[in-house]
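Chain identifiers are assigned alphabetically (A, B, ...) following the order of the sequence lines, protein sequences preceding nucleic acid strands; residue numbering begins at 1 within each chain.
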2 protein chains.
Amino acid sequence: MRIGELAAQAGMTKDTIRFYEKVGLVAAHRLANGYRDFPPETVPWLRYVRTAQRLGFSLAEIARHGEDLRDAPDTAEALSALFAEKIQIIDARMAELGALRAELTARAGTGCPLRAS
Amino acid sequence: MRIGELAAQAGMTKDTIRFYEKVGLVAAHRLANGYRDFPPETVPWLRYVRTAQRLGFSLAEIARHGEDLRDAPDTAEALSALFAEKIQIIDARMAELGALRAELTARAGTGCPLRAS
DNA sequence: GTTGACCTTGGAGCGTACTCCACCCTTTAG
DNA sequence: CTAAAGGGTGGAGTACGCTCCAAGGTCAAC
């Protein structure tokens, strides 16, 4: 799969994918003419990258996780562990949001919410 | 309150506070000698800034919320509306996280989560 | 054999959020 | 009077994550 099709399927620009290759987030071998050739599983991988980014992981962290997965003896098991870890992060973040929400709700009735606390 | 004490109480560096002043996130009047003088409520405000940041708001968004508050400092009604708006944003963000959580939970059990979907 | 879509590279530039630096002034304690 | 602690400015630099551009090679269709 060449970069244009990958970009279309993953929903990002070619420039972004070239940038990701530069930082080691994706790998491609080259065709005889020098064009990048990506394996098809790069599509779900890039979608996963987007998801992980939305959860607040930096590209460096995501790249490291990818390496961990490649090194793992049982990929499915490692992925499940990784997802479980992310779910915990989501739960923590939701709890934080809930706390802020409660705080704002409580302050909404006061005269000067920012001065309180 | 001068910048050093504020920095200590808010848990950030003086440089960060000067930067925040530059981008309009905090305001200070000046003493006769040119030193910045911050009102005491800047401490909870900066703590609030940190919280909002952790929850994914950009400094620009936080600054805009602060301006909205300054534009209607006396109207409890307006304040309630602003907080309600923020709570809506939080709810939307929580819903998004909830969807991601569900997606990850569903994938965690599959043989090859990245290939699924 | 030329057009046009697609690909290559290197490098510049941008927005966000700081972080550090040099150099200089002010205040306070001894 | 001096030294230390604290404050001021402007500007450069950093890290991240892209984004855009120029100049040029490749390939299939007409």
Task: Taking every non-hydrogen atom, the tightest pair across B:Ala7 and B:Thr13 - done: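 Smallest heavy-atom distance, with atoms named: CB-C, 4.0 Å.
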Task: Flag side-chain contact, heavy atom, 4.5 Å: A:Val43 against A:Phe38 - done: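 Of all side-chain heavy-atom pairs linking A:Phe38 with A:Val43, none is under 4.5 Å.
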- [ ] Look at the side-chain N and O atoms of A:Gln53 and state whether any lies under 4.0 Å from the OP1 or OP2 oxygen of D:dC16.
- [x]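 No, no such contact exists.
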- [ ] Examine D:dG17: is either OP1 or OP2 under 4.0 Å from a nitrogen or oxygen in the side chain of A:Thr16? Give yes or no.
- [x]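 So the side chain of A:Thr16 is outside the cut-off, no N or O lying under 4.0 Å from OP1 or OP2 of D:dG17.
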Task: Sugar-phosphate, base or nothing in reach of A:Thr13, heavy atoms under 4.0 Å - done: nothing
Task: Sole candidate of B:Val23, B:Val49, B:Thr51 that passes side chain to side chain contact (heavy atoms under 4.5 Å, CB included) when paired with B:Ile62 - done: B:Val49
TODO: Measure the CD1-OG1 distance between B:Ile17 and B:Thr42 for me, rounded to the nearest 0.5 Å.
DONE: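 If I round to the nearest 0.5 Å, the distance is 9.0 Å.
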TODO: Count the heavy atoms belonging to other residues, nucleotides or ligands that lie under 6.0 Å from CD of B:Glu61, then report whether that count exceeds 12.
DONE: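 Enclosed.
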TODO: Please answer: with hydrophobic residues joined when any side-chain heavy atoms are less than 4.5 Å apart, are A:Leu59 and A:Leu6 in the same cluster?
DONE: yes
TODO: Extract, from 5' to 3' on DNA chain C, the first and final nucleotides lying under 4.0 angstrom from some heavy atom of chain A.
DONE: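 With heavy atoms of chain A under 4.0 Å away, the range is C:dC6 to C:dT9.
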Task: Ionic contact status for A:Arg30 with A:Glu21, cut-off 4.0 Å - done: yes
TODO: Can you sort out the partners of B:Arg2 under salt bridge (charged side-chain N to carboxylate O under 4.0 Å, His left out), two or more places apart, ordered by chain and number?
DONE: none
Task: Euclidean distance, atom CD1 of residue A:Ile62 to atom C1' of D:dC16 [Å, nearest integer] - done: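 So the two atoms are 12 Å apart, to the nearest Å.
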Open item on the list: I'd like to compare against my own output: the B/S/- annotation of nucleotides 6-13 of chain D with a strict under-4.0 Å heavy-atom distance to protein.
Closed with: BSSB----
